[in-house]
Number of protein chains: 2
Amino acid sequence: MPDPADFDLERFLPYLLNQAAEATSRSFQASYKAAYGLTRTQWRVLANLGKFGSMTARDICRISHIEKTKVSRAVAALEEQGLLSRTTSPLDRRAEILALTDAGRAVFADLGQRAIEYDRALRARLGTQIAADLDDLLRRIIAEGTPVGDED
Amino acid sequence: MPDPADFDLERFLPYLLNQAAEATSRSFQASYKAAYGLTRTQWRVLANLGKFGSMTARDICRISHIEKTKVSRAVAALEEQGLLSRTTSPLDRRAEILALTDAGRAVFADLGQRAIEYDRALRARLGTQIAADLDDLLRRIIAEGTPVGDED
DNA sequence: GCAAGTTAGTTGCATACGCAACCAAGTCAA
DNA sequence: TTGACTTGGTTGCGTATGCAACTAACTTGC
């Protein structure tokens, strides 16, 4: 039975991960927020559409592990801004096929580049081999990282 | 000039970090949220007070890198729940010295233990050596991870 | 063909957050 | 002392989020 006095937030993995995530997200946030007024979620949805082409909101949920509510609102906002268009699926009239508009693709082109550059710079500073290992670790954490249960 | 089509969210470090952070935080969240109705921020503030003893809100900001607003509200909530007490500092009447109450210490004891166990289990599954390396990496990212500027 | 589920997506509500503006107490210098 | 500046902490306001409840469109078994 561990002594609670031994507990140190600074060595607590969830905390460290959070800080690291905040640090990186925050600084990249400037790109999509300042330049295009996008939310983190909106940027992610856009990035998925940019990468994978047309798909339905549900697909985005599956791929990106973002909850449906968040996706739904992000999609609404992106549509509002003219960055994506919705078409009711002919196969399933509940579903909507989402696709970036030209404007959306332009934004993705710009942000995609910046993201690549940002990522490269960060990895370079960490050391590319190390960064690659980090990827694996993070994926493992994401995959099995939820020992207690309670999935998102 | 990178081709935006090369961009893949799944290999974007800020994104991976976020997912990993979410995955771990989420599952530990059950402990403090379900059991004590605490917010992530509240739990962190409590953890810092539990670890370091009495200190001022400003100190918590410095140590934990949480913004003052968040700390302020968390402190108010924790006081409301009877987990901490405030005393105006005799040295500087603007500052308030925060200290856990007995109830607060009890909560910390419980959550501290659970946190240690959670962390251990996670590290064990990653491999302890690897987990230690991960710590370093994350600290580096946190420290220098914000190349563009725009600090928190 | 239809009642009992499912599933895609939206919405209401209550809460947490970020930012900027704001008080009150302290500091510093003239 | 007094006026300009800094600093500890709070608050108002607009926005993002999570959860549960909801609609509409599909599926299944009978």
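The analysis underlying the following values was restricted to heavy atoms, covering all of them including side chains, and did not include hydrogens, waters or symmetry mates. So you know, we letter chains A, B, ... as the sequences are listed, proteins then strands, and number each from 1.
- Salt-bridge formation is detected for the pair Arg105(B)/Asp102(B): a Lys NZ or Arg NE/NH1/NH2 atom is positioned less than 4.0 Å from an Asp or Glu carboxylate oxygen.
- For residues 12-21 of chain B, the side-chain hydrogen bond (donor to acceptor under 3.5 Å, both in side chains) pairs, not counting sequence neighbours, are Ser25(A)-Asn18(B), His65(A)-Gln19(B), Tyr15(B)-Gln19(B).
- Every residue meeting the side-chain hydrogen bond (donor to acceptor under 3.5 Å, both in side chains) condition with Arg94(B), not counting sequence neighbours, appears here in chain and number order: Asp92(B).
- Within the structure, salt bridge (charged side-chain N to carboxylate O under 4.0 Å, His left out) pairs that include any residue of residues 71-83 of chain A comprise Glu79(A)-Arg86(A) (at least two apart or interchain).
- Heavy-atom contacts of chain B under 4.0 Å fall on DNA chain D between two terminal nucleotides, which in 5' to 3' order are dT7(D) to dG18(D).
- Contacts of Arg11(B) classified as side-chain hydrogen bond (donor to acceptor under 3.5 Å, both in side chains), with partners at least two apart in sequence or in another chain: Asp8(B).
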Table please: side-chain donor-acceptor pairs of residues 43-50 of chain A below 3.5 Å, with sequence neighbours left out.
from	atom 1	to	atom 2	distance (Å)
Asn48(A)	ND2	Arg44(A)	O	3.0

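- For the pair Asn18(A) CG and dC17(C) C1', the interatomic distance rounds to 14 Å; values are reported in whole Å.
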For this session: Any chance you could list the contact pattern along nucleotides 8-16 of chain C? Use B for base contacts, S for sugar-phosphate-only contacts and - for none, protein heavy atoms under 4.0 Å, 5' to 3'.
Result: SBBBB---S
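- Evaluation of the side-chain hydrogen bond (donor to acceptor under 3.5 Å, both in side chains) rule for Arg114(A) yields Asp110(A) as partners, not counting sequence neighbours.
- Under the side-chain hydrogen bond (donor to acceptor under 3.5 Å, both in side chains) criterion, Gln42(A) pairs with Thr39(A), sequence neighbours left out.
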